[in-house]
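Below you'll find the structure, written out as structure tokens, and then a few comments.
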Amino acid sequence: MHTLNIGILAHVDAGKTSLTERLLFDHGAIDRLGSVDAGDTRTDDGAIERQRGITVRSAVAAFTAHGTQINLIDTPGHSDFIAEVERALEVLDGAVLLLSAVEGVQAQTRVLMRTLRRLALPTLVFVNKVDRPGARADDLLADIRRRLTPHLAPLTGVTGIGTPEARVHRRPLDAAAAEALAEVDPGILAALVDGPPPDRATLEAALAARTADGSFHPVYFGSALGGQGVAELVEGIVRTVPAGIVRNVPVPEPSGRRHRGPRGTVFAVRPGPGGQRTAYLRLYDGEVTGRQRLTFLRREADGRTTEVTGRMGRLEVIGRPGPLTGGNIAALSGVPGLRVGDRLGELPDRAPQFAPPTLQTVVRARRPEQAAPLRSALLALADQDPLMHARPAAAGATSLLLYGEVQMEVLAATLAQDFGIDAEFEPGRVRLLERPAGTGEAGEEMPWLDRTRYWATVGLRVEPGPVGSGGVFAYETELGALPRAFHQAIEETVHATMLSGPHGWEVTDYRVTLTRSGFSSPVSTAADFRGLTPVVLRRALQRAGTRVYEPYHSFEAEVPPDALAPVTSLLASLGAEIKETTGGTASWVIAGELPARQVQRAGLRLPGLTRGEGVWWSRPSGDRPAR
């Protein structure tokens, strides 16, 4: 029996968790349907998820249908957790993109479809809530073609839509479906132009092939709560999604130069009782057994590769007993320090890039005696999620980088419920960065010339590094010229000093090189090097100079035609660079880039300028020099 790993993605409140419950219940994996309102669903098993009614972390559950095991990965729907979604996508064979038949295509739906199409991930569209008042079918299909993708075909239809009597029926692959397939399949195009017309078997083969390569999208109607159309969706998954898709994973070479052991990716880490953590591992090939000793590889921000080694204490293969084999997912524990993105086997030549968070906040414990436990808890949570940077701040506080206010609220609830800590968050502000503008050098000798009180010699050169490289420390001196503790003191102090540059912001994308060094035994200590290094580094950085950069967001605003001028004027006043404006009689779409500090203001002003009809979405898209 082969396995398919399927992600369910949707805008928040489209019914994603309800669909997961329905799939598990209909195929005997659970004995009763859970309810989001009641807080007893299978995948949203965290207390915070149940209380808020949203998915915060990716979860995995399995069922069997048509001789295939289907692992469902239920992903967050809120835009603050888009990084969690994108990391889960890396290990999927296919996806179901969920829409509400009432609300239709929403901002986050478009963001998700863009990501799915960029990854060429096989994607089926499920239109949920067809039994709700206000549900639409034909109009919604037109919206999907216009706002998501023109390359689709409805494989089911619905009668009595918008009423409790809504019923789903199968639709054959007709002439309209053939014409849609012809836009992405040369064979169907040739058959339509030159004849004879393609038969049903040919159309079904083309549908499966084009769905598999991510260029075409079957559409199914149904209701997760009522169960209508769910069987047809499952049949479509099994027929059109190929198993064993591998992305960003090195392929073994016949010569044997590459790793031949098991290969896999850690795509989620969830906390457990007593501080124990559970990591979810997708295995691509090979085999992993219980109690096995494993070595995972991690690429650090500065490009270095580090190893995380340990012996598993528990291995629970999702949906089946026995060892973990290629194509399957397992929950494992016992390997300390595992993070999302760690690889079993080999690291890919190019790791997936996730937009970094742009909201900076400072967290403090309301009770002074909880200051140390708060810092430990935040560092533990940040260790699970490497995109949530945490570092010490003044007066016992901790500085955090997040994606949005909802993520901040969830984090506050997590600290209260899981750690018993009452934390206070400062209002978030957009995080700026500094980068070296040029090259600068400085040095300081030992104190026999009375120029410094430190018994150490340190010379440093600062220069720009490639964008995205973080901080890199290198040597021009002989590595054995200093004791190892002194080398470590210099390197650690360099990175700590770069947390605050000449303009007060963190310095990134730098290369610092130790150009000369010296010590006097037995007088010199590591403290001498920790004290002298910041003095020399700040002098070198001042000579190099830094530029301040601010984060930007890509945005799209869909507005009525009569609101085009005022919305465009608003965006221009906020510093937006408008790259494209398209539309017609129904609506116009304005696309471009905007400083992240203006995104909230733009989103708040849009409803008033569009009578509530405007749709806004944005996501981080790098940075630019600050104005």
Side-chain angles (χ1 to χ4, degrees), residues 6-27 33-37 41 53 55 63 65 70 72 74-75 77 94-110 112-113 116 123-174 176-177 180 207 211 216-240 615:
I6 303 295
I8 301 181
L9 295 85
H11 186 100
V12 66
D13 291 334
K16 177 167 46 61
T17 301
S18 297
L19 178 60
T20 301
E21 291 291 308
R22 170 60 64 180
L23 289 167
L24 295 174
F25 175 76
D26 284 358
H27 296 88
L33 282 170
S35 167
V36 174
D37 293 335
T41 58
T55 302
F63 66 91
I70 297 178
L72 294 176
D74 188 16
T75 60
V96 174
L97 181 62
L98 197 66
L99 282 74
S100 166
V102 180
E103 287 83 10
V105 178
Q106 296 176 281
Q108 183 71 357
T109 317
R110 301 175 71 176
L112 293 170
M113 179 57 93
L116 292 166
T123 301
L124 291 72
V125 177
F126 185 73
V127 179
N128 191 27
K129 303 183 181 181
V130 296
D131 51 357
R132 296 282 186 89
R136 301 169 294 140
D138 292 340
D139 289 348
L140 182 54
L141 283 172
D143 285 346
I144 295 172
R145 288 189 176 96
R146 181 170 55 89
R147 302 173 64 187
L148 289 183
T149 172
H151 309 307
L152 61 87
L155 298 190
T156 59
V158 57
T159 58
I161 191 167
T163 70
E165 289 73 35
R167 294 294 180 268
V168 172
H169 59 272
R170 299 177 187 272
R171 291 182 57 164
L173 288 172
D174 54 14
L207 173 71
T211 302
F216 199 79
H217 307 285
V219 179
Y220 298 85
F221 288 87
S223 169
L225 289 179
Q228 300 95 314
V230 174
E232 290 80 1
L233 172 66
V234 172
E235 184 180 330
I237 292 172
V238 174
R239 283 195 298 112
T240 60
V615 177

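Count residues from 1 along the sequence. What you are looking at is a predicted structure, and each value in this text was computed from that prediction instead of being measured.
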Without swapping roles, check the side chain of Arg171 against the backbone of Gly157 for a donor-acceptor pair under 3.5 Å.
no
Do you know which two heavy atoms are closest between Leu72 and Phe63, and how far apart they sit?
CD1-CE2, 3.6 Å
Heavy-atom nearest pair, Ile237 first then Leu124, reads N-CD2, 3.7 Å
Nearest heavy-atom approach of Ala135 to Val130 is CB-O, 3.7 Å
Check: Thr109 side chain, Val105 main-chain N or O, donor-acceptor pair, under 3.5 Å
no
Between Gln228 (side chain) and Ala166 (backbone), is there a donor-acceptor pair under 3.5 Å?
yes
Where do Ala65 and Val238 come nearest, in terms of heavy atoms and distance?
O-CG2, 4.1 Å
Would you please test His169 and Thr159 for side chain to side chain contact (heavy atoms under 4.5 Å, CB included) and show each step?
CA-CA 8 Å; His169 59 272; Thr159 58; 3.8 Å; yes
Applying salt bridge (Lys or Arg N to Asp or Glu O under 4.0 Å), can you list everything that pairs with Asp143, at least two apart in sequence or on another chain?
Arg136, Arg146
Smallest separation among heavy atoms of Phe25 and Leu33, with atom names:
CB-CD2, 3.5 Å
Give, for atom CG of Asp131 and atom OG1 of Thr163, the distance between the pair rounded to the nearest 0.5 Å.
8.0 Å
Under 3.5 Å, side chain of His217 to main-chain N/O of Leu152, donor-acceptor pair present?
no
Once rounded to the nearest 0.5 Å, what's the spacing between atom NE2 of His151 and atom OG1 of Thr149?
5.0 Å
Can you confirm whether Leu112 sits close enough to Leu97 that some side-chain heavy atom of one is under 4.5 Å from a side-chain heavy atom of the other?
yes
Separation between OG1 of Thr123 and CD1 of Ile6, rounded to the nearest 0.5 Å:
9.5 Å
Taking it one step at a time, do Val125 and Leu148 satisfy side chain to side chain contact (heavy atoms under 4.5 Å, CB included)?
CA-CA 10 Å; Val125 177; Leu148 289 183; 5.7 Å; no
Supply the atom-to-atom distance Ser223 OG to Arg167 CZ, rounded to the nearest 0.5 angstrom.
10.0 Å
Under 3.5 Å donor-acceptor, Thr156 side chain and Phe221 backbone
yes
Lys129 and Gly15: which non-hydrogen atoms are nearest, and at how many Å?
CE-N, 4.4 Å
From Leu98 atom CG to Phe126 atom CZ, the distance as rounded to the nearest 0.5 Å
7.0 Å
Gap separating the CG atom of Leu23 from the CD1 atom of Ile8, nearest 0.5 angstrom:
5.5 Å
Residue set satisfying salt bridge (Lys or Arg N to Asp or Glu O under 4.0 Å) with Arg132, at least two apart, ordered chain then number -> none
Check: Gly227 main-chain N/O paired with Asp26 side-chain donor or acceptor under 3.5 Å
no
